[in-house]
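Notes follow the structure.
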Amino acid sequence: MHPPSHDFLPLLKQHFGFDSFRPLQQDIVRDALEGLDVFAVLPTGGGKSLCFQLPALARPGLTVVVSPLIALMKDQVDSLRASGIAATFLNSSLSSQETRDRLRGLFNHEFSLLYISPERLLIPGFTNDLQAWKIARLAVDEAHCISEWGHDFRPEYRQLAGIRSLLPNTPIIALTATATSRVRQDIVDQLHLNNPRCYVASFDRPNLSYRVTGKSGAARQTLAFIKERPGQCGIVYCQSRKTVEAVAASLVAAGVAARPYHAGLDPAQRASHQDLFLRDDIQVMCATIAFGMGINKSNVRFVIHYDLPKNIEGYYQETGRAGRDGLPSDCMLLFSPGDVVKQSQFIEEKTDPHDQTVAREQLRLMIHFAESNACRRKELLAYFSENYLPSNCGGCDNCLSPRETYDGTFLAQKFLSCVFRVREKSGFAVGLNHLVDILTGQAGEKIQKWGHDQLSTYGIGKDQTRSDWATIGRELIRLGYASQNAAHYNTLELTTQGRSLLRERRPVFLTKPLCTPPQEAQKPARTGGIPCDEKLFEQLRSLRKQLADQRNVPAYVVFSDAALRDMARIYPTDEREFATVNGVGAAKLRDFSNVFTAEVTRFLRENPRQDFSKHSSEAPNPRSQEPTSPGSIHESAEATWQQFRRGASVQTIAEERALSERTVYEHLVRGIQSGESIDLGRFLTSEQQQEVISAFANLGLERLAPVRENLGGRYDFETLKIVRATLSKPSHLG
Ligand code: ADP
Ligand code: MG
């Protein structure tokens, strides 16, 4: 019934020059072509555009794409045109003559793709035009803009709620990178998607490395980080407009091509700075969070958070703008306890108590992430209810250089007994700041009023700074010795574990504060690297820039960095070789083969040819015990599946392949997620299946622990994951 997946591969190569699909792309394309409504949640860089672009090329008819970013429509359409795809856009930036020409083309069925703003779609009578243009499907990109719960709500998008009744028979495909389930559900409801097939990809970005660095001399740290990466583009996110301006100025003064971007700049200037960045004319954009959504620039190599973000969702989306081309890219967060204080003050200034509670909790989780000594990737994904299995991701500071610990028994005793004494004396609990005040012997009003200067723990922590104590307190909470009551002013209580620690005086090891460079100068190695002839790469880069400028488009529209690196390892000198480059489709072969192969030929006259055939295209992943790079997981999972299809059990596969059973299960889950079917009968009897499936139906697919508990712990997590993968692929939103 379904065309086999490889049916789309020739089309993928012909138009985009790619040899394989990213996860879920082919299922989404297939469902869209069957005329189903589809809801696709893929992380930034996951390749959402292709999910509606390929169907548009596979069949006649017009695909209409709603996008919130008028300023970026031109670039998107230019990109498509560079690949020889008949695309156009309509928005207020066009002259009336241009608009008339495009409308004529649409009535003549000259286009496969039309980009428009949501306002345009709802102009009375426009849907009649769409019918005349033979609309085949509607794609709603950045669909989270429809939800007030999201961080990018756009009132114009809200009007899309009426679109289903205007186009009752047009299949809709909605796409977003939003990771929160509330927003996802809102999208499905608001758009009135009809029994949609829902796809949710993993939110892991294996090519991104994460690190958190102690902030001290932030301007200097930022400059050093950028100087280590000559020629690489990146974004520095700052909290306030003032900081944006100051950081941009200090970078410019140090010789870095940087510009500011924030909502306080006049629109023309903002647009011009954005353009400079997209076109590789500047290296660094210093920005508030106003910058970034929909920026398709694929070669952003780093994202620095100069200040502490307000929440993890924002942090994840902002870092996500690095490395859309799949090449290794670095994310650095500068963290200081001072920023915690600043952010907390902002929260206290809010007037709505509900907003305050939400913001406090979000900040708490953000601080937890920054201070944690656990794998950053695991923590990030856990925030989105995703379980990251490998024990070492090989691409975050905590996995690459585990943080040093010290014997904190004495400090923990002081802190916890202070919590105990306060409760004993006053009969109520207090917050972290107040405890720190007592420990450091402050003479505050509340201290006096409550007589806390009479406590035996008053002033016993004078040797430590206030911020040291706050850090220690937060770690003791993380370790489970004290708990913080979010519903009650974040006051602290001892847990059972904390009480027994106090009683038994067991040793406690605490994490040393975050290091600041230069100790951790080594760069995390990430997967997805393409070793290549760096000198040739540089030459191809400047050729690309020249060609892009001639055509007045951003460089990545001509070729991505990934395509250039591929060229710089296979040295194509004729059309046949050039055609094999990843990212070279028919149109780019026609337009660029001569000029690039000539450049390579010239290069080879003066330079030796290096051999990259032995290298895999993945960078080494030194510490990792289990394969974590996308390529090797893919190959390894394929081998697992071959055995599994032949009937081997998980246990046998694990033994024969010297993998843990967990890894084998993980391979199975990944396979199911990318379209393999599995007979649950190999894991569970049909009664068991019924039982497990109804537990998921009642409790949702998001979290496994409650489901497991509901089933009395009779099923292990691995089996539940298999069932869950089967249920969520493809199905209705749980
Ligand atoms: P998203 O909208 O999900 O953030 P995009 O659609 O902008 O992602 O794609 C990100 C990058 O990945 C683009 O440079 C695109 O050309 C590239 N890409 C998409 N699909 C594939 C694929 N199957 N193989 C290789 N590169 C791909
Ligand atoms: Mg996109």
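Counting starts at 1 for both ligands and their atoms, following the listed order.
- A cation-pi arrangement, defined by a distance under 6.0 Å to the six-membered ring centre and an angle within 45 degrees of its axis, is absent between Arg377 and Tyr210.
- At least one N or O atom of Arg22, backbone or side chain, sits closer than 3.5 Å to an N or O atom of ligand 1.
- In terms of protein heavy atoms, atom 13 (C) of ligand 1 is closest to Arg324 O, 4.6 Å.
- Annotation: salt bridge (Lys or Arg N to Asp or Glu O under 4.0 Å) contacts of Glu156 (sequence neighbours excluded): none.
- Considering backbone and side-chain N/O atoms, Gly47 comes within less than 3.5 Å of an N/O atom of ligand 1.
- Here is the list of ligand 1 atoms found below 4.0 Å of a heavy atom in Ser20: 22 (C), 23 (N), 24 (N).
- In this pair, Phe369 and Tyr315 present their aromatic rings tilted. The plane angle is within the 30 to 60° band.
- In this structure, atom 24 (N) of ligand 1 lies nearest to the protein heavy atom Phe18 CG, 3.4 Å.
- Under a 4.0 Å criterion applied to the non-hydrogen atoms of Thr44, ligand 1 contributes the atoms 4 (O).
- Sorted by first and then second residue, the salt bridge (charged side-chain N to carboxylate O under 4.0 Å, His left out) pairs with a member in residues 317-329 read Arg301-Asp325; sequence neighbours excluded.
- Checked against a 3.5 angstrom limit, the closest N/O atoms of Gln25 and ligand 1 fall inside it.
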Between Asn582 and Arg565, is a side-chain hydrogen bond (donor to acceptor under 3.5 Å, both in side chains) present by the stated rule, with each step listed? CA-CA 9 Å; Asn582 199 9; Arg565 297 192 80 86; over 6 Å; no
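- Between Phe384 and Tyr316, the distance from one ring center to the other falls under 6.0 angstrom.
- Residue-ligand proximity, Gly45 to ligand 1, at heavy-atom distances under 4.0 Å covers atoms 1 (P), 3 (O), 4 (O), 8 (O), 10 (C).
- Contact atoms of ligand 1 toward Phe21: 23 (N) (distance under 4.0 Å to a heavy atom of the residue).
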Evaluate side-chain hydrogen bond (donor to acceptor under 3.5 Å, both in side chains) for His262 paired with Thr288, printing each intermediate quantity in order. CA-CA 5 Å; His262 55 73; Thr288 59; over 6 Å; no
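- Nearest protein neighbour of atom 14 (O) of ligand 1, counting heavy atoms only, is Ser298 CB, 3.9 Å.
- Taking the side chain as every heavy atom from C-beta outward, Glu577 and Thr597 never approach each other to under 4.5 Å.
- The nearest non-hydrogen atom to atom 6 (O) of ligand 1, considering only Pro43, Ser560, Ser49, comes from Ser49.
- Remark: ligand 1 atoms within the under-4.0 Å shell around heavy atoms of Leu50 are 20 (N).
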